[in-house]
Amino acid sequence: MRNLVRNVKISGTGSYVPETVYTNEYLETIVPTNSEWIYNNVGIKERRIASKYQATSDLAAIAGQRAIENAGLKNEDIELIIVATTTPDRKAPSTGAFVQHKLNAYNAAAFDLSAVCSGFLFGMSVASQYIASGVYNNVLVIGADTFSKITDWTKRDAIFFGDGAGAAILSSSNINEGFLAFRLYTDTTNEMLGFTIPGGGSEIPLNSNNLELQYFKMNGKAVFSSATQFLPKAINQVLEDAGLSISDIDYMIPHQPSIRILLKTAEQIGLPFEKVMTNMDKYANTSAGTIPILLDEINKAGKLKKGNNILFAAIGSGWTYGASIIKWG
Ligand SMILES: CC(C)(COP(=O)(O)OP(=O)(O)OC[C@H]1O[C@@H](n2cnc3c(N)ncnc32)[C@H](O)[C@@H]1OP(=O)(O)O)[C@@H](O)C(=O)NCCC(=O)NCCS
């Protein structure tokens, strides 16, 4: 990896989850599932669900505003907004454009990034390049999704996802802190459609006969085997890039697919599970929202200390995956 021209740090975080809670017990009443099975196998107790009036950009804009305030910036200081999402408000304009409008952040260019559950990690990596190269000083990266809108609420796979948004401000840093390494990967060689939303795009436009294709389809075994194969590979690579060993990591803030995936990953990389942060019990998998919501929670709880090494890792449909390490400033 080339040396960064300028250091890049996270100068603020924010998040937002909708008020409505769907517990496992409630899901038992609408889909064929069992609340104990969900908690024991996936680690989820409840998830938040957006109202019919809330689009992804509504969640994203609140999270973004909170991150801007946490960084001590004004909305006009933001020069670029990247929204990672799989559930955009519309195909055009971008959700980033809606967020710019809702935040009155008119000095910012804005676009969306599509890497499904790895989207926030990919977004931070893109933002870092602009800051490292001196193009921008303050970039707002948001991971936001409303999977409740692409869920078939008659099927048992409805248990996996929740709605939510998280955000971070990435800024230039003059001192010895910030991102130490990024690695992004895309592997399409094995079951690339193990998680997919088949309809509504140019391949299969929706019509009155195929509306069920608007919902996500998941092969749980393919997700599990890809995640536990790819996450350790990316993590070991960023440790090597940063010249660190796993014992140097203070916290891992990973994507939140299932507790079993995280337990297996921690075992494979040799990280004690108490260093692996999770909140899937409260929010389930919010796709691009997982890492920034969890980061905001840990940051606001005052857990992150100057000099801590924090490991991010994510996997998503495709399979996109990657990892990153930041020295907290
Ligand atoms: C979901 C997961 C726990 C299922 O484990 P598995 O061993 O692959 O399970 P199977 O699909 O073969 O199902 C085995 C049994 O589990 C139970 N089960 C599966 N899904 C269930 C659900 N949603 N609710 C209740 N029980 C369920 C059923 O009893 C099922 O038996 P059946 O198919 O005869 O009814 C596992 O595949 C996994 O963790 N995958 C990762 C999924 C994930 O992280 N998704 C989110 C990111 S995309």
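Residue numbers run from 1 in the order of the sequence given. Just so you know, ligand 1 is whichever comes first in the structure, and atom 1 is the first atom listed for that ligand.
Distance check for atom 34 (O) of ligand 1: every protein heavy atom is found at 4.0 Å or beyond. Within a 4.0 Å radius of atom 29 (O) of ligand 1, the protein contributes no heavy atom. Within the 4.0 Å cut-off (strictly below), no protein heavy atom is located near atom 15 (C) of ligand 1. Checking atom 26 (N) of ligand 1 against the protein gives a heavy-atom contact under 4.0 Å.
Using a 3.5 Å distance cut-off with no hydrogens or angles, the side chains of Asn24 and Glu36 do not pair a donor with an acceptor. One side chain, Asp145 or Thr87, offers a donor N or O that lies under 3.5 Å from an acceptor on the other.
For Gln256 (side chain) and Met277 (main-chain N/O), a donor-acceptor pair under 3.5 Å exists by modelled atom type.
Residue Arg260 does not touch ligand 1, judged by heavy-atom distances below 4.0 Å.
The Ser258 neighbourhood of ligand 1 comprises atoms 39 (O), 44 (O), with distances under 4.0 Å to a heavy atom of that residue. Of all the atoms in ligand 1, the ones that sit under 4.0 Å from a non-hydrogen atom of Ile261 are 41 (C), 44 (O). Within ligand 1, counting atoms from 1 as listed, the ones closer than 4.0 Å to a heavy atom of Ile159 are 23 (N). Counting atoms of ligand 1 from 1 in the listed order, those under 4.0 Å from a heavy atom of Asn285 are 46 (C), 47 (C). Atoms of ligand 1 found under 4.0 Å from any heavy atom of Gly220 (numbered from 1 in listed order, with element): 37 (O), 38 (C), 40 (N), 41 (C).
The side chain to side chain donor-acceptor pair (under 3.5 Å) test with Ser171 is passed by exactly one of Asn137, Asn138, Asn7: Asn138.
In the hydrophobic clustering of ILVMFWY residues, with side-chain heavy atoms under 4.5 Å counting as a link, Ile62 and Val21 come out apart. At a threshold of 4.5 Å between side-chain heavy atoms, the hydrophobic network of Ile, Leu, Val, Met, Phe, Trp and Tyr places Ile131 and Ile78 in two separate groups. There is a path of hydrophobic side-chain contacts, each under 4.5 Å, that joins Leu206 to Ile204.
The option with the heavy atom closest to atom 1 (C) of ligand 1, from among Phe160, Trp319, Phe147, Phe224, is Phe160.
Classification of the Tyr185-Tyr321 ring pair by plane angle, with boundaries at 30° and 60°, yields parallel.
At most 12 heavy atoms of other shown residues, nucleotides or ligands fall within 6.0 angstrom of atom NZ in Lys155.
The protein heavy-atom contact nearest to atom 43 (C) of ligand 1 is Val223 CG1, 3.6 Å. Nearest to atom 45 (N) of ligand 1 among the protein's heavy atoms is Met218 SD, 3.2 Å. In terms of protein heavy-atom proximity, atom 24 (N) of ligand 1 is closest to Thr33 OG1, 2.6 Å. Ranking protein heavy atoms by distance to atom 5 (O) of ligand 1, first place goes to Trp37 CZ2, 4.6 Å.
Aromatic ring centres of Phe161 and Phe195 lie closer together than 6.0 Å. Ring centroids of Phe160 and Phe216 are separated by 6.0 Å or more, keeping the two rings apart.
Distances between N or O atoms of Arg156 and those of ligand 1 include at least one value under 3.5 Å. Geometrically, ligand 1 and Asp157 share no nitrogen or oxygen pair separated by less than 3.5 Å. The N/O atoms of Lys221, backbone and side chain alike, include one that comes under 3.5 Å of an N/O atom in ligand 1.
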